[in-house]
Amino acid sequence: MAQGSAAPVHKPIRDRYIPARTLAVVTDNSQQSPEPNGPHTASPANLPTQYAPAEVEETLYERWVERGYFAADTKSDRTPYTIVIPPPNVTGSLHLGHAFQHTMMDALTRRKRMQGYEALWLPGMDHAGIATQNKVEQQLAEEGKSRQDLGREAFVERVWQWKEEYGGKILGQMRRLGDGVDWSRERFTMDAGLSRAVQTVFKKMYEDGLIYRAERIINWCPRCLTAISDIEVEYQEDDGELVSLKYGEGDQTVVVATTRAETMLGDTAVAVHPDDERYAHLIGKRIKLPLTDRTIPVVADAHVDPEFGTGAVKVTPAHDPNDFEIGRRHDLPFLSVLDERGVITAHGPFEGLDRFEARSAIVAALREQGRIVAEKRPYVHSVGHCSRCKTTIEPRLSMQWWVKVAPLAKKAGDAVRDGRTRIHPADMSSRYFDWVDNMHDWTISRQLWWGHRIPVWYGPEGEVVCVGPDEEPPGGEGWHQDPDVLDTWFSSGLWPFSTLGWPERTPDLEKFYPTDVLVTGYDIIFFWVARMMMFGTYVMDEPPFHTIQLTGLVRDEHGKKMSKSFGNVVDPLEWMEAYGSDALRFTLANGANPGTDVPIGEDWVKASRNFANKIWNATRFALMNGATVEGPLPGQDEMAATDRWILSRLNAVVAEADGYYDDFQFAKLSDALYHFAWDEVFDWYVELAKTTFGKGGRPAEVSRRVLGEVLDVVLRLLHPVIPFVTETLWTALTGGESVVIADWPKDSGFRDEAAEQEIATVQRAVTEVRRFRADQGLQPGQKVRAELTLDGTSLVAHEDAIRQLLRLQPAGEDFHATASLPVAGATVALDLSGAIDVEAERKRLSKDLAAAEKELAQTTGKLGNEAFLAKAPDHVVEKIRGRRGVAEVDIARIRAQLAALPPG
RNA sequence: GGGCGCAUAGCUCAGCGGUAGAGCGCUUCCCUUACAAGGAAGAUGUCACUGGUUCGAUCCCAGUUGUGCCCACCA
């Protein structure tokens with residue numbers, strides 16, 4: 001086909017953007033070309049005749065990877081731009097929340113890459129200690145086995161198998177999404193290198209006194225059989241029962257209230273407030289503890305609130321964090337009465353009972369003794385649950401490893417306070433500070449098998465012998481490594497530098513640390529963000545990111561949280577297969593108002609698919625009409641107002657889009673590009689250009705070049721968000737190798753206010769006439785002949801275009817009725833031979849007249865208001881003056897039109 | 001008990017001291033040769049309530065109500 005032919009012989013692209021997988025796959029022409037940058041032939045023949053996103057997207061992705069577009073180079077002299085991925089847990093598959101964050105990260109790095117940065121988006125996954133171990137244990141349970149049946153080594157082997165399977169699934173999803181990550185740098189938190197980083201940091205912290213071992217009350221999950229940290233506990237309001245128990249005998253009694261009667265077996269004191277006169281006589285005395293043969297002291301402690309309940313508290317130092325503190329202050333015994341599974345160990349009738357069975361049994365026994373003086377049920381109170389398995393947490397006295405947080409948290413907080421790291425949106429930083437400034441020490445040891453084994457060896461007496469990666473543990477009897485593993489967040493806290501090769505001073509580390517942006521959900525500020533900030537400032541002396549971009553959570557179309565129990569969870573793959581990855585990505589970007597939750601529904605993805613289809617067809621049309629990017633842009637003197645208008649708008653949109661990208665305003669970005677492309681380019685410029693194309697000659701050549709330019713830039717602007725369809729269309733349009741490595745558009749600074757005004761007038765004229773016609777119920781099928789009279793020089797130049805847009809007959813036919821329509825800066829007189837509904841017209845005009853009169857009254861009032869004139873800014877006053885002027889003109893005109901109407 | 005946020009069209013959400021916006025949905029018309037996954041024209045809101053500041057408040061301030069989230073060792 002001849003290049004630039006205005007009359008294509010056949011449809012070069014399918015007329016519909018069909019994402020169904022069942023469509024025939026298309027041969028990939030560009031693969032056959034040995035030279036990807038071959039001679040430019042902007043012909044529709046470059047595009048396949050059918051397009052099926054689900055198929056084409058995968059092909060395109062593999063090609064990008066093969067060509068190494070996403071591989072970052074440490075040796076380049078380009079400015080680095082780095083994002084490390086929040087490593088997904090290997091527990092399952094990616095959900096819409098991942099798709100959402102990945103879209104943002106991908107768009108950011110793709111744009112920076114196009115801008116000439118050495119862009120690195122580093123991929124990887126997290127071993128997710130307790131979560132993964134639980135999943136594999138569930139799997140084993142289905143086979144009727146437990147992890148103890150397998151033994152530690154075989155179990156860990158089994159988890160690695162799991163990781164291969166589900167990790168592979170996740171990587172496949174990332175490819176399907178189009179994530180432009182550097183696969184040569186893929187990392188896993190249990191990799192040898194990252195494990196070494198973990199051990200090295202552990203050793204450093206141990207030596208700096210920031211890691212210590214201590215016996216304290218910890219949150220214990222009786223199902224997972226491990227300690228967990230404070231933030232791994234989820235509190236929820238549960239129905240309980242508050243019972244008041246009478247302790248002691250005779251006149252030496254005291255009533256205490258509890259929701260946990262079973263722990264009374266471990267009580268070693270009753271505490272009252274020191275100033276509480278009701279109990280003054282008891283302080284220091286010992287009273288009988290029911291159901292046991294023990295007596296316990298009554299102690300005075302300021303922690304007790306005399307206003308609450310009876311003002312007396314039972315104290316169980318081994319099973320309650322508050323009581324633990326009281327126990328310490330008063331040197332009380334720590335008596336454990338529950339084992340690691342929550343079963344009573346205290347000798348006696350309750351031994352062997354589960355904690356909840358024991359609770360009712362003990363209450364029953366006390367009731368029999370008449371020691372229950374009051375009951376309140378249900379009693380709603382806040383109860384801690386394991387965030388992984390929802391089992392009720394059992395506070396338990398236990399020896400664990402701890403991180404001394406205060407010095408680390410101080411540094412992490414300062415990095416944000418002094419502006420080295422910026423949290424965006426800013427109001428989220430209060431949440432960060434709240435936590436960083438009040439954080440308690442962090443329990444890091446876990447009684448699990450899957451994770452980084454604590455790098456500590458003990459001697460025969462249980463003493464710490466050596467710590468860290470470089471020391472050989474001494475052999476011989478009784479020497480052993482700590483059996484526990486580290487909290488999974490310990491290794492993910494090192495992620496921004498461990499992935500780049502630390503503790504070695506690798507070129508990667510030199511070039512890419514600190515990273516630029518962290519994109520993650522506000523829900524893991526404490527778990528992950530704060531920990532990375534602590535480790536980064538401590539280990540590297542530099543916070544790991546310049547910007548922390550916090551995203552909201554993805555919700556369903558009614559703003560409801562997605563969860564399995566609601567049944568509203570959507571697999572991103574489902575929508576990607578049905579509508580294409582681009583459609584999903586665009587929808588997610590469109591919902592991305594910084595820091596707010598993102599609702600998403602299938603209809604919205606469909607709408608995005610429709611947008612992709614629109615771009616597809618507009619580009620197809622452009623190619624059929626010879627749009628080109630060849631050669632320089634025509635001079636301004638050669639361009640029509642329509643050309644200057646669209647280029648003026650184009651450059652403004654480039655600037656606007658840049659601002660939005662820089663501010664992570666993806667919702668505004670996608671909205672601006674959507675409306676510019678669809679409304680201005682496709683609905684107006686393309687329609688206006690049709691008349692020019694039809695006439696041929698130099699004006700048509702100019703329009704072809706301008707249309708080519710506009711599409712080229714729009715496709716490049718959209719590429720970071722919707723990479724696939726833009727790649728296909730951009731390469732077809734420009735003949736370029738790939739839009740992935742194309743230059744990012746720059747605002748040339750070209751603006752043409754006059755042209756923008758002129759086209760606005762044309763648009764208004766066309767719209768007014770269309771509305772008039774619709775109001776009159778004039779059907780196109782009626783073959784209405786019309787005489788179009790344009791008043792004002794600017795519109796005369798557009799007469800052909802207006803006739804085309806309104807599908808008017810050529811001038812010169814007979815006409816009778818007259819309608820004169822208001823247009824800013826001009827008048828369009830439309831003379832119609834069709835019948836006019838006089839009553840409808842009178843009604844419409846009356847309505848307009850009323851509106852204009854109201855406007856006149858309002859504006860006159862304002863302009864007569866001296867206080868207003870004194871204070872309102874000039875531009876506001878000008879605007880109101882202008883409105884009054886228009887209203888006056890309108891009133892005169894409408895009155896004349898009303899008078900001209902034939903009598904009803 | 002503290003802290004933060006939100007209340008705008010049927011739905012999901014932007015906006016913002018100076019005549020109320022988008023997408024989807026809805027109504028009417030049109031299969032105009034890029035696209036019916038399209039085109040054209042429309043309807044719809046006491047901008048939660050009550051006060052205050054201002055020439056002017058959906059926007060700023062105070063309070064009320066409703067709602068969501070986070071934190072917290074309420075026995």
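The figures here come from the full heavy-atom set of this structure, side chains too, leaving out hydrogens, waters and symmetry mates.
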Please give the distance between the P atoms of B/U53 and B/U58 as a whole number of Å.
15 Å
Option among A/N590, A/T587, A/D582 that satisfies the side chain to side chain donor-acceptor pair (under 3.5 Å) test with A/S608:
A/T587
Roughly, in whole Å, what's the span from CG in A/D671 to P in B/G21?
15 Å
Pairing check on B/A22: which nucleotide meets the Watson-Crick or G-U wobble criteria with it, both distances under 3.5 Å?
B/U12
To the nearest angstrom, how far is A/E262 atom CD from B/A75 atom P?
14 Å
Spacing of A/W435 atom CH2 relative to B/C70 atom P, expressed in whole Å:
15 Å
Of all the choices, B/C70, B/A34, B/A75, which nucleotide is nearest to the side chain of A/R620 once you look at every atom?
B/A34
Could you tell me whether A/N438 contacts a base, only the sugar-phosphate backbone, or nothing, with contacts defined as non-hydrogen atoms closer than 4.0 Å?
nothing
Any side-chain heavy-atom pair from A/R329 and A/V299 closer than 4.5 angstrom?
no
Looking at every strand, decide which applies to A/N593 at a 4.0 Å heavy-atom threshold: base, sugar-phosphate, or nothing.
sugar-phosphate
Return the minimal non-hydrogen interatomic distance between A/A530 and A/W435, and the atom names on each side.
CB-CZ3, 3.4 Å
Check every strand shown and say whether A/P321 touches a base, only sugar-phosphate, or nothing at a heavy-atom separation below 4.0 Å.
nothing
Which part of the nucleic acid does A/T767 contact within heavy-atom distance under 4.0 Å: base, sugar-phosphate only, or nothing?
sugar-phosphate
For B/A48 versus B/A20, give the span between their P atoms, rounded off to a whole number of Å.
15 Å
For A/F586, which contact category applies under a 4.0 Å heavy-atom criterion: base, sugar-phosphate, or nothing?
nothing
With a 4.0 Å cut-off on heavy atoms, is A/S430 in touch with a base, just the backbone sugar-phosphate, or nothing at all?
nothing
Send over the distance from A/R770 CZ to B/U32 C1', rounded to a whole Å.
11 Å
Side chain of A/E687 - closest among B/G39, B/A34, B/C24
B/A34
Would you indicate which nucleotide in B/C73, B/A37, B/A75 comes nearest to any side-chain atom of A/H381?
B/A75
If you check every side-chain atom of A/H675, which of B/A34, B/C24, B/A22 has the closest atom?
B/A22
Please name the pair of heavy atoms, one in A/L729 and one in A/T619, separated by the smallest distance, quoted to 0.1 Å.
CD1-OG1, 3.7 Å
Please give the distance between the C1' atoms of B/U33 and B/G18 as a whole number of Å.
48 Å
Contact under 4.0 Å: A/W604 side-chain N or O vs B/A37 OP1/OP2:
no
At under 4.0 Å between heavy atoms, what does A/V256 touch on the DNA or RNA strands: base, sugar-phosphate, or nothing?
nothing
Need one value for A/F611: base, sugar-phosphate or nothing, where a base atom within 4.0 Å counts as base even if backbone is also close, heavy atoms only.
nothing
Is A/E866 atom CD crowded by more than 12 heavy atoms from other residues, nucleotides or ligands, each under 6.0 Å away?
no
For B/G68, does OP1 or OP2 lie under 4.0 Å from any side-chain N or O of A/K560?
no
A/D230 CG to B/C71 P, straight-line distance once rounded to whole Å
11 Å
Nucleotide of B/A75, B/G15, B/C24 approaching A/D305 most closely (side-chain heavy atoms):
B/A75
Which of the following nucleotides, B/A14, B/A34, B/C71, is nearest to the side chain of A/F621?
B/A34
Span that lies between the C1' atom of B/A72 and that of B/A9, in whole angstrom
41 Å
What is the distance, to the nearest angstrom, from the CG atom on A/N610 to the C1' atom on B/G23?
12 Å
pair_partner(B/C49), Watson-Crick or wobble, both distances < 3.5 Å, evaluates to B/G63
Whole-Å C1' distance, B/A40 and B/C31
14 Å
When both hydrogen-bonding distances must be under 3.5 Å and the geometry is Watson-Crick or G-U wobble, what is B/A40 paired with, if anything?
B/U28
Check every strand shown and say whether A/H558 touches a base, only sugar-phosphate, or nothing at a heavy-atom separation below 4.0 Å.
sugar-phosphate
So is A/K614 actually on top of A/Y674's ring, under 6.0 Å and inside 45° of the axis?
no
For B/G45 and B/G52, measure between their C1' atoms and round to the nearest Å.
25 Å
Below 4.5 Å, heavy atoms only, C-beta onward: do A/L366 and A/M264 meet side chain to side chain?
yes
For A/E237 and B/C74, what is the distance between atoms CD and C1' respectively, to the nearest whole Å?
11 Å
Minimum heavy-atom distance between A/Y522 and A/L553, given as atom pair plus value:
OH-CD2, 3.8 Å
Partner nucleotide, any strand, of B/G1 [Watson-Crick/G-U, under 3.5 Å]:
B/C71
Looking across every strand, which nucleic acid part, if any, lies under 4.0 Å from A/V686 by heavy atom: base, sugar-phosphate, or nothing?
base
Rounded distance (Å) that lies between atom P of B/G25 and atom CD of A/E557:
13 Å
